[in-house]
Engineer: 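Attaching a single structure in structure tokens format; questions to follow.
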Amino acid sequence: MELAERVAELERRLAVLESAAEPVTGSAKPELGAGDFWALEGLKEQLGHVGEAAADGGVMFTGAVKLPAGERYEWQYGALTAGLLGSTREDRPDWAEAAEPLAALGHPVRLRLLREILGGRRTAAELAELDDTGTTGQIYHHLRLLTGAGWLHTTGRGRYEVPGVRVVPLLVVLTAAWP
């Protein structure tokens, strides 16, 4: 993809994100689980503003989360179908890049460690006190894999946390994995 095309694509994506941040008008308040597709309808409206570039549709995930330790995170992300699947063989994204972050979530102990860290246990010593998580060496192995895949980062002195920009995506991945 040429530089001008890449800049145009970034400008278009920025416009989609900026328009998604505009306040919702009207008096009706959407209710979760009420059976109406307010998020889907909002996405389709935003895609309509993009025009032909969004002809194949898109996906979005969003969340507003308060963790047990009190931190709050709000996040949304959207992508056009063409950008995820590619419209030609030459512009197809390399899905293999997602293998490491997804593989890091593929172990029950790592998922448990992430849940405990989100719940407020932040040090390796606190995590080592948990039952059924293995030896200290095994816990450090799991923490290194999660850190390398971007699901965790260290804040010093053996403390770990899920980066703020990864909290909602982590919960979305878990939600999508449940039957």
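Quick note: numbers below take in every heavy atom, side chains included, and nothing from hydrogens, waters or symmetry partners. The residues of the chain are indexed from 1 along the displayed sequence. None of these values were measured; they are calculated from a predicted model.
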Engineer: For residues Ala104 and Leu145, report the shortest heavy-atom separation together with the two atoms involved.
Structural biologist: CB-O, 4.1 Å

Engineer: Counting distance only, does the side-chain N/O of Glu126 pair as donor-acceptor with the main-chain N or O of Thr123 below 3.5 Å?
Structural biologist: yes

Engineer: Quick check: is Val59 connected to Phe61 through a chain of hydrophobic side chains (ILVMFWY, heavy atoms under 4.5 Å apart)?
Structural biologist: no

Engineer: Going hydrophobic residue to hydrophobic residue with side-chain gaps under 4.5 angstrom, can you get from Val172 over to Val165?
Structural biologist: yes

Engineer: Please name the pair of heavy atoms, one in Tyr160 and one in Ile117, separated by the smallest distance, quoted to 0.1 Å.
Structural biologist: O-CG2, 3.7 Å

Engineer: Leu105, Leu130: one ILVMFWY side-chain cluster at the under-4.5 Å cut-off?
Structural biologist: yes

Engineer: Out of curiosity, Leu114 CG to Arg166 CZ, how far, rounded to the nearest 0.5 Å?
Structural biologist: 10.0 Å

Engineer: Is the backbone of Arg122 close enough, under 3.5 Å, to the side chain of Arg159 for a donor and an acceptor to pair up by distance?
Structural biologist: no

Engineer: Is Leu146 reachable from Tyr73 through a run of hydrophobic residues whose side-chain heavy atoms are each under 4.5 Å from the next?
Structural biologist: yes

Engineer: Which atom names give the shortest non-hydrogen contact between Pro68 and Leu118, and what distance separates them?
Structural biologist: CD-O, 3.6 Å

Engineer: How many angstroms lie between atom CG of Leu174 and atom CZ of Arg115, to the nearest 0.5 angstrom?
Structural biologist: 10.0 Å

Engineer: Roughly how far, to the nearest 0.5 Å, is CD1 of Ile139 from CZ of Arg112?
Structural biologist: 9.5 Å

Engineer: Do the side chain of Thr133 and the main chain of Val109 share a donor and acceptor less than 3.5 angstrom apart?
Structural biologist: no

Engineer: First locate atom CE of Met60, then atom CD of Gln76, and finally report the distance between them rounded to the nearest 0.5 Å.
Structural biologist: 6.5 Å

Engineer: Apply salt bridge (Lys or Arg N to Asp or Glu O under 4.0 Å) to Glu116 and Arg121, showing your working.
Structural biologist: CA-CA 6 Å; Glu116 296 295 336; Arg121 292 180 194 249; 3.0 Å; yes

Engineer: OH/Tyr140 to CG/Leu127 distance, rounded to the nearest 0.5 angstrom?
Structural biologist: 9.0 Å

Engineer: With a 6.0 Å cut-off (strictly less than), is the heavy-atom count around CD of Glu74, excluding the residue itself, greater than 12?
Structural biologist: no

Engineer: Between Leu84 and Pro93, which heavy-atom pair has the shortest distance, and what is it?
Structural biologist: O-CG, 3.0 Å

Engineer: Closest heavy-atom contact between Pro169 and Trp151?
Structural biologist: C-CZ3, 4.4 Å

Engineer: Tell me, do Glu161 and His153 make a side-chain contact under 4.5 Å, heavy atoms counted?
Structural biologist: yes

Engineer: Could you report the tightest heavy-atom contact between Thr136 and Ala128, atom names first, then the distance?
Structural biologist: OG1-CB, 4.2 Å

Engineer: Evaluate the side-chain proximity of Leu170 to Val167: yes if any heavy-atom separation is below 4.5 Å, no if none is.
Structural biologist: no

Engineer: Can you tell me how far the CD atom of Glu45 sits from the CG atom of Leu40, to the nearest 0.5 Å?
Structural biologist: 11.5 Å

Engineer: Atom CG of residue position Asp94 - does it have more than 12 heavy atoms of other residues, nucleotides or ligands inside 6.0 Å?
Structural biologist: yes

Engineer: Could you check His142 against His107 for side-chain contact (heavy atoms from CB on, under 4.5 Å), going step by step and ending with a plain yes or no?
Structural biologist: CA-CA 9 Å; His142 291 306; His107 194 286; 3.7 Å; yes

